[in-house]
Amino acid sequence: MRLLDLSQPIATGMPVYPGDPQVAVRPALTAAADGVNVLHLDLGSQSGTHVDAPFHIDDALPALDALPLERFTGPAVAVDARGLPPHAPIGPERFEALLAGLRAGARTGAPPIVLVATGWSAHWGTAAYRDHPHLTREAAELLVAAGTRTVGIDALSVDPTPGEDFPAHRVLCGAHAVIAENLTGLGPVLDAQAAGEPVEVSLLPLHLPGADGAPVRAVARIG
């Protein structure tokens with residue numbers, strides 16, 4: 001068994017979604033002056049590798065603490081969507097090979113977490129990071145129909161950036177699904193899956209009552 005970190009580091013000036021609070025990390029206390037080291041963190045709930053609760057797009061939908069913990073951890077399947085050009089749509093055809101398995105999981109009450117590997121995390125920290133591929137409404141609808149309630153992507157959003165109507169968010173959040181964004185390091189997950197190794201993922205967020213989302217330490221357990 002081995003663990004893989006799928007999280008982007010939280011640091012001053014890190015990429016954020018357009019209009020979100022900027023991230024700043026600075027010392028609040030120091031061991032030299034105060035006897036202990038304590039950091040002061042300024043960041044938004046959608047900073048870095050994070051999860052969206054349905055409440056993110058609609059006040060009437062469940063907030064983060066209203067969701068079962070099972071939405072944030074469990075067996076995972078990775079979908080290879082690497083090699084696409086900037087702004088490319090990721091349609092339902094990318095997920096058809098998984099459809100039978102996803103529906104079988106839904107029947108047994110254990111649909112897997114779906115991770116969409118675009119490879120776009122390689123652009124982290126550059127202007128190109130906003131030009132990521134994105135899910136189509138139809139792809140989100142297929143995943144929901146198959147029973148999926150947790151979807152992660154190694155990009156800034158499951159929708160285009162900047163967004164207007166957020167169709168994939170609306171489909172997924174409307175089904176009370178969790179969305180994880182800004183993942184990284186999904187290549188080794190794809191490799192492990194191709195080798196027949198089981199993959200489990202943890203996306204457990206900070207406990208923020210009534211929140212729209214929260215940063216996570218995303219980790220994959222292989223084997």
Side-chain angles (χ1 to χ4, degrees), residues 1-56 62-74 76 78 113 115 117-130 132 150-158 161-162 178-192 197 199-223:
M1 187 271 288
R2 65 189 188 278
L3 299 177
L4 301 176
D5 194 346
L6 308 181
S7 312
Q8 297 285 6
I10 293 177
T12 297
M14 68 190 291
V16 296
Y17 193 85
D20 278 12
Q22 295 295 314
V23 175
V25 181
R26 63 183 186 274
L29 302 172
T30 66
D34 307 293
V36 293
N37 288 311
V38 175
L39 286 176
H40 182 109
L41 306 177
D42 287 314
L43 71 167
S45 56
Q46 304 281 320
S47 298
T49 304
H50 67 274
V51 290
D52 295 352
F55 180 71
H56 182 44
L64 192 65
D65 57 324
L67 297 170
L69 289 176
E70 290 79 7
R71 294 281 163 87
F72 305 100
T73 186
I113 293 170
L115 304 176
T118 68
W120 222 255
S121 57
H123 299 291
W124 179 259
T126 74
Y129 192 62
R130 295 188 181 190
H132 57 87
T150 308
V151 177
I153 192 167
D154 57 350
L156 191 55
S157 175
V158 293
T161 300
V178 168
I179 301 169
E181 294 165 326
N182 290 326
L183 295 170
T184 190
L186 292 185
V189 174
L190 287 168
D191 294 341
E197 297 182 271
V199 178
E200 293 189 2
V201 170
S202 172
L203 304 166
L204 293 168
L206 299 175
H207 190 177
L208 293 174
D212 58 280
V216 305
R217 185 68 179 267
V219 175
R221 184 174 72 176
I222 309 297

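The first residue in the sequence is number 1, and the count goes up from there. Hydrogens, waters and symmetry mates are skipped; everything else that's a heavy atom, side chains included, is used.
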* Minimum heavy-atom separation for W120 to A128, with atom names? -> NE1-O, 2.9 Å
* **side-chain contact (heavy atoms from CB on, under 4.5 Å) between E197 and M1, intermediate numbers included** => CA-CA 10 Å; E197 297 182 271; M1 187 271 288; over 6 Å; no
* To do: Would you sort out whether T184 and D154 count as a side chain to side chain donor-acceptor pair (under 3.5 Å), showing the intermediate values?
  => CA-CA 5 Å; T184 190; D154 57 350; over 6 Å; no
* With side-chain contact (heavy atoms from CB on, under 4.5 Å) as the test, would you mind laying out the steps for Y129 and N182 before giving the verdict? => CA-CA 10 Å; Y129 192 62; N182 290 326; 2.6 Å; yes
* **Neighbour count >12 (heavy atoms, 6.0 Å) for atom CZ, R130** => no
* Structure fact -> Looking only at heavy atoms, the pair that brings M14 and I10 closest together is SD-CA, 3.7 Å
* Pairwise distance CD1(I153) to CG(L183) - rounded to 0.5 angstrom -> 8.5 Å
* To do: Answer yes or no: is there a side-chain heavy-atom contact under 4.5 Å between P18 and T161?
  => yes
* In Å, rounded to the nearest 0.5 Å, how long is the span from CG of L64 to CZ of F72? -> 5.0 Å
* Asked: Do the side chain of T73 and the main chain of E70 share a donor and acceptor less than 3.5 angstrom apart?
  -> no
* To do: Identify the heavy atoms of P188 and L4 that sit nearest to each other, and give their distance.
  => CB-CD1, 3.8 Å
* **Euclidean distance, D42 CG relative to T12 OG1, rounded to 0.5 Å** => 9.0 Å
* Asked: Hey, does I179 have a side-chain heavy atom less than 4.5 Å from the side chain of V51?
  -> no
* Minimum heavy-atom distance between A76 and V201, given as atom pair plus value -> CB-CG2, 3.5 Å
* **Main-chain N/O of V178 paired to T150 side chain as donor or acceptor, under 3.5 Å** => no
* With no hydrogens and no angle check, is any side-chain donor or acceptor of E181 less than 3.5 Å from a backbone partner on V158? -> yes
* Asked: Shortest non-hydrogen contact from L67 to P62?
  -> CD2-CB, 4.1 Å
* State, without any angle test, whether N37 and T30 hold a side-chain donor-acceptor pair at a distance under 3.5 Å. => no
* Asked: Are any of the side-chain heavy atoms of P15 and W124 separated by less than 4.5 Å?
  -> yes
* Side chains of H132 and S157: do they bring a donor and an acceptor to under 3.5 Å? -> no
Would you be so kind as to tabulate the donor-acceptor pairs closer than 3.5 Å made by side chains of residues 203-223, with sequence neighbours excluded?
unit_1: D212; atom_1: OD1; unit_2: S45; atom_2: OG; d: 3.0
unit_1: D212; atom_1: OD2; unit_2: S45; atom_2: OG; d: 2.8
unit_1: D212; atom_1: OD2; unit_2: Q46; atom_2: NE2; d: 2.6
unit_1: R217; atom_1: NE; unit_2: D5; atom_2: OD1; d: 3.4
unit_1: R217; atom_1: NE; unit_2: D5; atom_2: OD2; d: 3.0
unit_1: R217; atom_1: NH2; unit_2: D5; atom_2: OD2; d: 2.8
unit_1: R221; atom_1: NH2; unit_2: E200; atom_2: OE1; d: 2.7

* **Test side-chain contact (heavy atoms from CB on, under 4.5 Å) applied to T49 and L6, step by step** => CA-CA 8 Å; T49 304; L6 308 181; over 6 Å; no
* Asked: So which pairs with a foot in residues 9-51 pass ring-ring contact (aromatic ring centres under 6.0 Å, His included), sequence neighbours left out?
  -> none
* Asked: For the residue pair A78 and L190, what are the closest heavy atoms and their distance?
  -> CB-CD2, 3.5 Å
